[in-house]
Each structure stands twice: as C-alpha cells, then as structure tokens.
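Side-chain atoms are counted along with the backbone in the values below, which use heavy atoms only and exclude waters and symmetry mates. All values derive from a computational prediction rather than experimental measurement.
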Amino acid sequence: MTRSLSSLVAALVALALVPAAAGAGQSATVVRAGQSIQSAVDAADPGDTILVFGTHRENVAVQTDGLTLRGVGAVILPPDTPTPHACFDPTEVDEAVHGICVIGELDFDTREVVGRVEGVTVTGFTVRGFTGSGLIAVAAHGTTFRGNVARDNGDAEISAGQATDTRVLANRASGGRFGVFLTESRRGRVVGNVVHDNCVGLFALDLGSGSSGDFLIAANGIRHNTRACPANEDFPELSGLGVALLGGAHNTVVANLIADNLPAIGADTAVTAGVAVITSPAGPAPTDTVVRRNVIHGNDPDLVWDESGAGNVLAPNLCRTSIPVGLCG
C-alpha cells in the first residue's frame, strides 16, 4: 500500500469514527497531537463526545456530565508543567499528578462531596508515567473506564474515591502500587480487566464512612503482582497481594483468575495472599463479603481471612492454601 493510499484509508477511518462515536443529539470534537485535550473538555457541553488521536503531554480534569473521552491510538504522558485545575493544586507540596481525572465538587478539608459529576466515559487511552493515578474518579457517579491501558503510574493505575456506580471494564493495569484502588466508594463493577505486575492487584479500603462496598469484582485476570513498594505516609510495605478487601460491605469476588501473586525476593510486606479479607486499619470489619468460584493458585497463601465481620462467604473456590486452614476445602 502506498503512503498516499495509507493516508487516505486512515482519513476515511477517522471520518467514519465520528458519527459512530457520537449519538443523536450529540456533537463530536476531534483533538489531534499538538492540540489540547483540556481545552476541548472545558469547551464541551453535557453529553458531548471528544475523539483524541496521537500522543499528548497533559493532566486532564473532566467535570462535565455525560462527556465521553474516546481515545483512538491516544497516549497520555505527564507534562513538564502540570495544569492547575480541580484535580491538581500546584501550591500543595508533593501534590500527585493524575493522568485523566473525573472529578466533581469536593471539600478537600472535610472530605465532603458537594456535588458529583455524572455519566463520564473514558475509553481507548494509554496513560502512563504519572506520579498519581493513571485514571481516577473522585466525587463522581456513573463513571466508566473501559478498554484503557494504564501502566507505570506511581500510585494506582485506576482508582475511585468517594465515587458511586463506577465501572472498570476490560482495562489493562500494570506497574503501579495498586492496579485498581477503591476507597470510600459504593456500588460498581470491576469486570474483565487484566491486572498484573503491580505491588497489589486490587485494593478496596473502607475508611469507616459507611460508603464502601457493593462492588462486583468478576472475570478478571489478576496475576503476578510481585512488585515491591516501600512504605509511605499512607501505606505500609506491600508486595505479592492479588485482591485485598479491607472492611467494606456486600463486595462480591467471583469467577476471577488470581494467580502467582508472591512477594518480591527479600521484600517486606504487611500482608501477602491471593485474596485477603481483613479488618480495615480504620476499624470496619468486612461484612457480607462473598468470595466464591474463583481460581486462586500459586499464591502464598491463596486465601486469608482474619475471621472478623459477619455474613462472609469464602467458598467454594479452587485453591490449595488458606489461613485459617480449611477455607479451600
């Protein structure tokens, strides 16, 4: 194929994507390499679709209801100078920089949600190298992260904080402290993701606000999370942990492959397991947690429960080792 024909095909594909990506009554904006995603987001109306092509060095904040950010071979990298916005305050010392941040109105002093951004979808991006999270939803409702690649971000690859009905679907998450991090978030789905080579595959933390739980965690491949992360002001040393449920209520972990999550050689870690169901350091015990019909193997041990909480069901699973003994049948 000649270069001119290749260019024509690429142009036709790009044109074909515009009507497909934007439904009736919606408008579509195209952002190419060298153009600003944030400018397009700021100018968007509720329900708009933004198509993003090429590589961009930006930290992006989304605060528009119903917005769809659709990457087409799009890569997001950290900028030399991060953009100040609702998700980044340059006056804060050591403030983490996130890749794409879906954020409502939050009082950072009281942690009170003032208003939620709703119905945002982020799909088709590769986001890497940020000091914070690659993809994050804060004070958001109905956010969907679908079909993205998040890797080598310093904190979490994909995270939700004080969010409701978050959907994390068919993404690839690797190289972070956490592959998927959920805190003070209720209702949602983490389904069909590939989570590997993090310190922890999935970490769900209940801080005692009564707003953590009701997540379906299903059909994920959570393997080889063997990186070693040193302690920091928020977390202890962590390595070799597939799924950690610290407190929370009504979480369901079903039909996942959770394998070969072992601590790095010589690494210290607060806990290691394929799946750990334990009381949160903030106080809440796990309640009505269901862990069943998973394949859990090659971890040491495969399943850990500190026997706290009530209504927890941790069988049947295909596993070999557990604390206490007997959970694997």
Side-chain angles (χ1 to χ4, degrees), residues 177-186 190 195-196 198-208 210 212-229 231 234-329:
R177 180 180 295 272
F178 307 108
V180 177
F181 180 74
L182 309 171
T183 185
E184 296 184 276
S185 294
R186 182 169 291 280
V190 181
V195 184
H196 66 93
N198 305 281
C199 299
V200 181
L202 182 146
F203 196 85
L205 176 62
D206 184 347
L207 294 178
S212 294
D214 292 295
F215 268 85
L216 172 65
I217 301 164
N220 302 286
I222 301 174
R223 304 189 64 175
H224 201 259
N225 290 286
T226 60
R227 292 186 68 236
C229 288
D234 297 315
F235 300 101
E237 300 95 338
L238 292 168
S239 182
L241 188 51
V243 174
L245 305 178
L246 284 72
H250 304 287
N251 288 311
T252 298
V253 181
V254 62
N256 300 279
L257 173 61
I258 304 168
D260 304 321
N261 301 288
L262 298 169
I265 295 173
D268 292 325
T269 183
V271 61
T272 179
V275 178
V277 181
I278 57 180
T279 295
S280 168
T287 304
D288 296 319
T289 298
V290 175
V291 180
R292 63 185 306 175
R293 303 192 185 283
N294 300 280
V295 176
I296 312 173
H297 69 80
N299 313 281
D300 187 19
D302 290 324
L303 183 56
V304 167
W305 176 39
D306 65 2
E307 301 186 77
S308 66
N312 300 305
V313 178
L314 306 182
N317 295 283
L318 183 59
C319 60
R320 293 184 177 180
T321 56
S322 68
I323 300 174
V325 173
L327 295 178
C328 292

Spatial distance of atom [atom1] ([X]) from atom [atom2] ([Y]) [nearest 0.5 Å]:
{"X": "Leu241", "Y": "Asn198", "atom1": "CG", "atom2": "CG", "value": "11.0 Å"}
{"X": "Leu327", "Y": "Thr321", "atom1": "CG", "atom2": "OG1", "value": "10.0 Å"}
{"X": "Asn294", "Y": "Leu303", "atom1": "CG", "atom2": "CG", "value": "9.0 Å"}
{"X": "Ile323", "Y": "Ile278", "atom1": "CD1", "atom2": "CD1", "value": "11.5 Å"}
{"X": "His297", "Y": "Leu257", "atom1": "NE2", "atom2": "CG", "value": "5.0 Å"}

* **Partner of Pro286 under side-chain contact (heavy atoms from CB on, under 4.5 Å), chosen from Asp206, Thr279, Leu246** => Thr279
* Val253 pairs by side-chain contact (heavy atoms from CB on, under 4.5 Å) with which of Val291, Asn317, Leu216, Leu314? -> Val291
Under 3.5 Å donor-acceptor pairs involving side-chain atoms of residues 259-266, not counting sequence neighbours:
unit_1: Asp260; atom_1: OD2; unit_2: Arg223; atom_2: NH2; d: 3.3
unit_1: Asn261; atom_1: OD1; unit_2: His224; atom_2: N; d: 3.4
unit_1: Asn261; atom_1: OD1; unit_2: Asn225; atom_2: N; d: 2.9
unit_1: Asn261; atom_1: OD1; unit_2: Asn225; atom_2: ND2; d: 2.9
unit_1: Asn261; atom_1: ND2; unit_2: Ile222; atom_2: O; d: 3.3
unit_1: Asn261; atom_1: ND2; unit_2: Ala259; atom_2: O; d: 3.2
unit_1: Asn261; atom_1: ND2; unit_2: Asn299; atom_2: OD1; d: 3.1

* To do: Scan for ring-ring contact (aromatic ring centres under 6.0 Å, His included) pairs involving residues 234-266, sequence neighbours excluded, and state none if there are none.
  => Phe178-Phe235, Phe181-Phe235, Phe203-Phe235
Could you check whether any side-chain N or O of [X] sits under 3.5 Å from a backbone N or O of [Y], counting only pairs where one atom can act as donor and the other as acceptor?
{"X": "Asn220", "Y": "Val195", "answer": "no"}
{"X": "Thr183", "Y": "Leu205", "answer": "yes"}
{"X": "Asn251", "Y": "Phe215", "answer": "yes"}

Can you name the nearest heavy-atom pair linking [X] to [Y], along with the distance?
{"X": "Gly208", "Y": "Pro284", "value": "CA-CG, 3.5 Å"}
{"X": "Arg227", "Y": "Arg177", "value": "NH1-N, 4.0 Å"}
{"X": "Pro324", "Y": "Ser322", "value": "O-OG, 2.7 Å"}

* Asked: Between Asp302 and Arg320, is the closest basic N to carboxylate O distance under 4.0 Å?
  -> no
* Does Thr287 have any side chain to side chain contact (heavy atoms under 4.5 Å, CB included) partners at least two apart in sequence or in another chain, and if so, which? -> Ala249
